[in-house]
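These notes concern the structure reproduced below.
It should be emphasised that the depicted structure is a prediction, and the values quoted were computed from it without experimental measurement.
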Amino acid sequence: MDTKFIRDRITQLRMQKGVSEYKMSYDLGHSRSYIYNISSGKSLPPMAEFLEICEYLGVTPSEFFNDKFENPILVQSAVEEIQKLDDDDLMLVISNVRRLNRDK
């Protein structure tokens, strides 16, 4: 894993969120070129800013670095909805997920 991964992952997650570099920079309280400079490789965010970027993108740092999930925002949303289910419905979801995975 290298700095290119970090730049590309920020871009990927930003685009999945549907926000421009300018809007994300503005929302994080920076100049309009802040995210552009990160994405283009001119700079990397310090740790505190990285944590704010993760929060803004709706992912944990662990999810950010886990490249097994192309869209961790959707995975997190699914987990949040599953946590609301009772045991019977949860077993039904697990059964369906297993069936879907078997078909792959």
Checklist line | Test side-chain hydrogen bond (donor to acceptor under 3.5 Å, both in side chains) applied to Gln12 - qualifying residues, sequence neighbours left out | finding: Arg9

Item checked: Partner residues of Lys4 under the side-chain hydrogen bond (donor to acceptor under 3.5 Å, both in side chains) criterion, sequence neighbours left out -> Asp8

Next item on the list: Decide whether Val75 and Val97 are clustered together by the hydrophobic rule: side chain heavy atoms of Ile, Leu, Val, Met, Phe, Trp, Tyr closer than 4.5 Å, transitively.
Entry: no

Item checked: Common cluster, Val19/Tyr36, ILVMFWY with side-chain heavy-atom separation under 4.5 Å -> no

Note to self: Nearest 0.5 Å, please: how far is OG in Ser20 from CD1 in Ile35?
What the structure shows: 10.0 Å

Next item on the list: Supply the atom-to-atom distance Ile10 CD1 to Ile53 CD1, rounded to the nearest 0.5 angstrom.
Entry: 4.5 Å

Margin query: Lys68: which residues meet the side chain to side chain contact (heavy atoms under 4.5 Å, CB included) condition with it, sequence neighbours left out?
Written below: Asn66

Next item on the list: Tell me, please, which residues at least two apart from Ile94 pass side chain to side chain contact (heavy atoms under 4.5 Å, CB included).
Entry: Leu90, Met91, Arg98

Check: Quick one: CD1 on Ile38 to OG on Ser25, what's the gap to the nearest 0.5 Å?
Finding: 7.5 Å

Margin query: For Thr11, give me all partners under side-chain hydrogen bond (donor to acceptor under 3.5 Å, both in side chains), at least two apart in sequence or on another chain.
Written below: Ser39

Margin query: Going by salt bridge (Lys or Arg N to Asp or Glu O under 4.0 Å), name the pairs with one or both residues in residues 27-46, residues two or more places apart or in two chains.
Written below: Lys23-Asp27

Check: Residues in side chain to side chain contact (heavy atoms under 4.5 Å, CB included) with Leu51, at least two apart?
Finding: Met47, Pro61

Note to self: In this structure, would Val59 and Phe5 fall into the same cluster of hydrophobic residues linked by side-chain contacts under 4.5 Å?
What the structure shows: yes

Margin query: Taking Gly58's backbone N and O only, do any of them form a donor-acceptor pair with Lys17's side chain (distance below 3.5 Å, no angle check)?
Written below: no

Checklist line | Phe50: partners by ring-ring contact (aromatic ring centres under 6.0 Å, His included), with sequence neighbours left out | finding: Phe64, Phe65

Next item on the list: Would you list the pairs meeting salt bridge (Lys or Arg N to Asp or Glu O under 4.0 Å) in which at least one residue belongs to residues 77-95, sequence neighbours left out?
Entry: Glu81-Lys84

Check: Which pairs count as ring pair (Phe, Tyr, Trp, His ring centres under 6.0 Å) when at least one residue sits in residues 9-31, sequence neighbours excluded?
Finding: His30-Tyr34

Margin query: Please determine whether residues Leu57 and Leu44 belong to a single hydrophobic cluster, defined as Ile, Leu, Val, Met, Phe, Trp and Tyr linked transitively by side-chain heavy-atom distances below 4.5 Å.
Written below: yes

Notebook entry, point to check: Okay, side chain of Glu63, backbone of Thr60: is any donor-acceptor separation there less than 3.5 Å?
Noted result: yes

